[in-house]
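In what follows, a single structure is set out as structure tokens and then discussed.
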Number of protein chains: 2
Amino acid sequence: MPKIKTSKEEVLKKVIPILRSRGVQNSSMSELSKACGIQKSHFYYYFSNKEDLIREVLATVHSYFNYNLFKIIESNTLSLNEKVLKMKLLLDKLFRASDGGCIMANTALETIHLDPTYKKEIQSFFKDFILGLQRLLEVHHSTEKALLLAEQMVQDIEGGILLMQIYDDPKYLNNAMKRTETAILNL
Amino acid sequence: MPKIKTSKEEVLKKVIPILRSRGVQNSSMSELSKACGIQKSHFYYYFSNKEDLIREVLATVHSYFNYNLFKIIESNTLSLNEKVLKMKLLLDKLFRASDGGCIMANTALETIHLDPTYKKEIQSFFKDFILGLQRLLEVHHSTEKALLLAEQMVQDIEGGILLMQIYDDPKYLNNAMKRTETAILNL
DNA sequence: ATTATTTTAACGAACGTTCAGTAAAATGCC
DNA sequence: GGCATTTTACTGAACGTTCGTTAAAATAAT
């Protein structure tokens, strides 16, 4: 094989935090390539265009989220308390670590009224997010009540991510996570 | 030819729905001017630059929101039930009517990690949003409990606006509004 | 030599912004 | 009231810069 400076996976990994904090439109191919240490034209070796890159970024985030969330939820060895704890750590990693909040929510609000390209992926992500919470809530609630609560929890969390960023204060997301924990454990 | 074609107030009014649905970065001066029926160069007669235009747009939305919200809350003639109803209509008008959701949330997520220019205005808007809800909640709750609930309601509503746009379904915002009503009326 | 990886150089289009110019309206002067 | 001047409202063309994208050349591994 020829000398590999970087790989597609590496590019995706390095590009995610930038797109999350700066947004899709505000992240130029020049800026993204600089962060990867390659020429911007080299992006077109991996991706056919910018839209394609964003699509792959969202798919990567979604599959990472899904894999980890359902690994926790469907575990046979973890207690409900442990599952809640692990889920909180996962959400922290995705939504809090460094700046930028939730890349799915950010991209949704930025693009959904311009270009439906990413809509299905984003819908699918939130469907899984809600479904995951619903599964945990079903331990102590009925299926219908669990769904309604799961939707409320996702709204609470996403609103918390918004306020967290506006006020540079993690308490809003923390409070939403506490309320989610209370609902799941039925305290 | 050039009589008075438009005014600063008219420009602000026409520009708001576009900025709300397409975002700040995705709305070019050309596009905005076209929607106002004037040349883009004429924008610079009213505003010193694009940033200045956005700042005035946010200030306009904020003052419109504040005037109407606190007129309802501080009324001596309206019952609590009526206040809740009127508030719901106001939030509907601001967040639901046409596409785009909440311009304050959209602008926050789009710009807050790039440019702190709009941060103070957005912070101030959400401070007033929370304060307004807190006032209504204080009828049946303690001051501290009312604040915590008000923050939760704003998070719920903003998350609901997000899901409403992602799934083209008003139920998410509707549910958040119902929960807000329940909390205020202490049902 | 061939294939895979990466760079250099350039493209047209769109961006925000500036500026000289112009027509209508408002104002000042008689 | 009529005329000259200034101010207000607006246009159209152009500016330099950045955008996403492409083609071709260069480099490195098999």
Nearest-Å distance for atom pair [atom1]/[atom2], residues [X] and [N]:
{"X": "A:E31", "N": "D:dT18", "atom1": "CD", "atom2": "C1'", "result": "12 Å"}
{"X": "B:L32", "N": "C:dC15", "atom1": "CG", "atom2": "P", "result": "10 Å"}
{"X": "B:K8", "N": "D:dT8", "atom1": "NZ", "atom2": "P", "result": "14 Å"}
{"X": "B:I4", "N": "C:dA25", "atom1": "CD1", "atom2": "P", "result": "8 Å"}
{"X": "B:I38", "N": "D:dG12", "atom1": "CD1", "atom2": "C1'", "result": "14 Å"}
{"X": "A:N26", "N": "D:dC19", "atom1": "CG", "atom2": "C1'", "result": "12 Å"}
{"X": "A:I54", "N": "D:dC19", "atom1": "CD1", "atom2": "C1'", "result": "14 Å"}
{"X": "A:K50", "N": "D:dC19", "atom1": "NZ", "atom2": "P", "result": "9 Å"}

Point-to-point distance, once rounded to the nearest 0.5 Å, from OH of B:Y172 to CD of B:Q165: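 So the OH of B:Y172 and the CD of B:Q165 are separated by 13.0 Å.
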Does B:S28 put a side-chain nitrogen or oxygen below 4.0 Å from OP1 or OP2 of C:dC15?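 Checking B:S28 against C:dC15: at least one side-chain N or O falls below 4.0 Å of OP1 or OP2.
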Results of side chain to side chain contact (heavy atoms under 4.5 Å, CB included) for B:E74 - residues two or more places apart only: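 Partners of B:E74 under the side chain to side chain contact (heavy atoms under 4.5 Å, CB included) test: B:F70, B:R135.
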Using a strict heavy-atom distance below 4.0 Å, which residues from residues 39-48 of chain B are in contact with DNA chain D?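 Under 4.0 Å from DNA chain D: B:Q39, B:S41, B:H42, B:Y45, B:Y46.
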Salt bridge (Lys or Arg N to Asp or Glu O under 4.0 Å) pairs, two or more places apart, involving residues 22-46 of chain A: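 Pairs touching residues 22-46 of chain A that pass the test: A:R22-A:E31.
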Kindly write out the residues that satisfy ring-ring contact (aromatic ring centres under 6.0 Å, His included) with B:Y64, not counting sequence neighbours, or none if the list is empty.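 If we apply the ring-ring contact (aromatic ring centres under 6.0 Å, His included) test to B:Y64, skipping adjacent residues, there are no hits.
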Pick base, sugar-phosphate or nothing for B:S27, based on heavy-atom distances below 4.0 Å to the nucleic acid.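 Sugar-phosphate contact only - B:S27 comes under 4.0 Å of backbone atoms but never of a base.
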With the threshold set at 4.0 Å, does a side-chain nitrogen-carboxylate oxygen contact exist between A:E51 and A:R55?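 A salt bridge links A:E51 with A:R55.
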All pairs passing side chain to side chain donor-acceptor pair (under 3.5 Å) where residues 144-160 of chain B contributes a residue, at least two apart: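 Listed once each, the pairs are A:Q155-B:D156, A:D156-B:Q155, B:D156-B:R179.
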Partner set under side chain to side chain donor-acceptor pair (under 3.5 Å) for B:D168, not counting sequence neighbours: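 Expected list: A:K119.
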So which one's nearest nucleotide on DNA chain D is more toward 5', A:N49 or B:G37?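 That would be B:G37.
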